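I have placed the structure first, in the form of structure tokens, so that the comments after it can refer back to it.
Note: hydrogens, waters and symmetry copies are ignored here, and every other heavy atom, side chains too, is used. Since we're looking at a predicted model, the values are computed, not measured.
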Amino acid sequence: MTAHRPRKRFGQHFLVDPGVVADIVAAIAPGPADTVVEIGPGPGAITVPLAARCRALHAVELDRDLAARLRERFAGSPHVEVHEADALAFDFGRFGNGIRLAGNLPYNISTPLLFHLLDFRTAIADMHFMLQKEVVDRMAAAPGGRTYGRLTVMLRCHLEIERLFDVDRQAFDPPPAVTSSVVRLWPRPGGSLPVADERLLARLVAAGFAQRRKTLRNALRNEVAADDFAAVGIDPGLRPEALPVDAWVALANRLADPPVNRAADRQQ
């Protein structure tokens, strides 16, 4: 069987370092009762050891040639199913609850894919992904830094995030132009940071970080009144990057409250 040539249009950089593969599988630690869904399995470097350790493995691969090769490779493994599909449009809820996601995600779709996966968070136990290091830096950033922003807030209001380790570009074929990182994500316990209106929160956060060098008072002047900042204990003189995730959620939830309730609060 001839080797598959990586396709630039799919953002393919195949993991070829066996030591890194072993480290990723060890971090995932799949068990015999687990259902694992791998996104972008490529030639199957991680797929093979995962399949040997879990109850069921679903591989979601967009490249039809790679999907065909994987079906051929796992023809004798009934617990492995290959889905030729676009992960950005895939229904990850079809496998029931408690699924474990893994993958070396194509860097050109990683951010929209993470937002897509949020729609299925109640069915997900955890996720282990290889991503561009810059993206992981932003995901795991603490308030106050340059990397803390919209991606941080919108993911961490629903997920816990743990950076695991970096991966040198020479571990891939072809080597990408950037360093990669492996990250672990898992859903926050239900109700720990409830969001009243997802779209409102997204709009508020986008408005804030579009003008991150301004104060909250100025960046959100068309969204938030002085009384609303005061009601949730936020100093409007802060910059957006200084506001922790729970404070963004509290402010959005305040705005989601019916105006009549907010008016009553002001009169008290």
- prompt: Can L118 and L155 be said to form a side chain to side chain contact (heavy atoms under 4.5 Å, CB included), step by step?
  reply: CA-CA 8 Å; L118 284 179; L155 291 181; 4.0 Å; yes
task: Look at atom CZ of R221 and say whether more than 12 heavy atoms of other residues, nucleotides or ligands are closer to it than 6.0 Å.
output: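 Incorrect, the count does not exceed 12.
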H128: which of L164, I24, V25, V183 passes side-chain contact (heavy atoms from CB on, under 4.5 Å):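 Filter result, single survivor: L164.
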Please report the interatomic distance [atom1]([X]) to [atom2]([Y]), rounded to the nearest 0.5 Å.
X    : Y    : atom1 : atom2 : answer
D126 : E162 : CG    : CD    : 11.0 Å
R94  : H58  : CZ    : NE2   : 8.5 Å
F74  : R69  : CZ    : CZ    : 14.0 Å
L105 : L114 : CG    : CG    : 6.5 Å
L204 : L255 : CG    : CG    : 6.0 Å
D119 : F92  : CG    : CZ    : 11.0 Å

Pairing of [X] and [Y] as salt bridge, 4.0 angstrom limit:
X    : Y    : answer
D137 : K133 : yes
R213 : E241 : yes
R121 : E198 : yes

field: With sequence neighbours excluded, residues passing side chain to side chain contact (heavy atoms under 4.5 Å, CB included) with R203
entry: L200, E223
If every non-hydrogen atom of [X] is compared with every non-hydrogen atom of [Y], which pair is closest and at what distance?
X    : Y    : result
R73  : P43  : NH1-O, 3.0 Å
L57  : C54  : CB-SG, 3.9 Å
V80  : A51  : CG2-CB, 3.8 Å
P240 : T215 : CD-C, 4.5 Å
E61  : G42  : OE1-N, 3.0 Å
L220 : G208 : CD2-N, 3.6 Å

Does [Y] offer a backbone N or O that forms a donor-acceptor pair with the side chain of [X] under 3.5 Å?
X    : Y    : result
R138 : E134 : no
N253 : P194 : yes
R184 : A27  : yes
D63  : L66  : yes
R156 : L151 : no
R100 : I28  : yes

Treating Ile, Leu, Val, Met, Phe, Trp and Tyr as nodes and any side-chain heavy-atom pair under 4.5 angstrom as an edge, say whether [X] and [Y] lie in one connected cluster.
X    : Y    : value
V182 : V16  : no
V48  : V21  : yes
W186 : L101 : no

message: side chain to side chain donor-acceptor pair (under 3.5 Å), that's the test. Do T35 and R55 meet it? Break it down for me.
response: CA-CA 6 Å; T35 295; R55 180 184 68 84; 2.6 Å; yes
Taking side chain as C-beta onward, heavy atoms only, is [X] less than 4.5 Å from [Y]?
X    : Y    : result
V136 : F129 : no
L216 : L243 : yes
L15  : M130 : yes
F14  : N104 : no
I124 : M127 : yes
I99  : F120 : no
M139 : R163 : no
F229 : D227 : no

- request: Just do the side chain to side chain contact (heavy atoms under 4.5 Å, CB included) check on R71 and E84 with the steps written out, would you?
  value: CA-CA 10 Å; R71 289 194 186 96; E84 185 182 322; 3.6 Å; yes
message: If you apply the rule side chain to side chain donor-acceptor pair (under 3.5 Å), what do you find for T179 with D166, and how did you get there?
response: CA-CA 7 Å; T179 300; D166 293 341; over 6 Å; no
- request: Output all residues satisfying side-chain hydrogen bond (donor to acceptor under 3.5 Å, both in side chains) with T111, sequence neighbours left out; order by chain, then residue number.
  value: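 side-chain hydrogen bond (donor to acceptor under 3.5 Å, both in side chains) check on T111 returns nothing, list empty.
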statement: With sequence neighbours left out, the residues meeting side-chain hydrogen bond (donor to acceptor under 3.5 Å, both in side chains) with T152 are none
message: Run the side chain to side chain contact (heavy atoms under 4.5 Å, CB included) test on F172 and V167 for me, step by step, so that the C-alpha distance in whole Å, both residues' side-chain angles and the decisive distance to 0.1 Å come before the verdict.
response: CA-CA 9 Å; F172 301 88; V167 179; 3.8 Å; yes
- request: Take the angle between the ring planes of F209 and Y148 and call it parallel below 30°, perpendicular above 60°, tilted in between.
  value: perpendicular
- request: Tell me whether the centres of the aromatic rings in F95 and H83 are closer together than 6.0 Å.
  value: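 They qualify: ring centres under 6.0 Å apart.
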Residue pair F90, D86: steps toward the side chain to side chain contact (heavy atoms under 4.5 Å, CB included) verdict: CA-CA 6 Å; F90 192 77; D86 182 353; over 6 Å; no
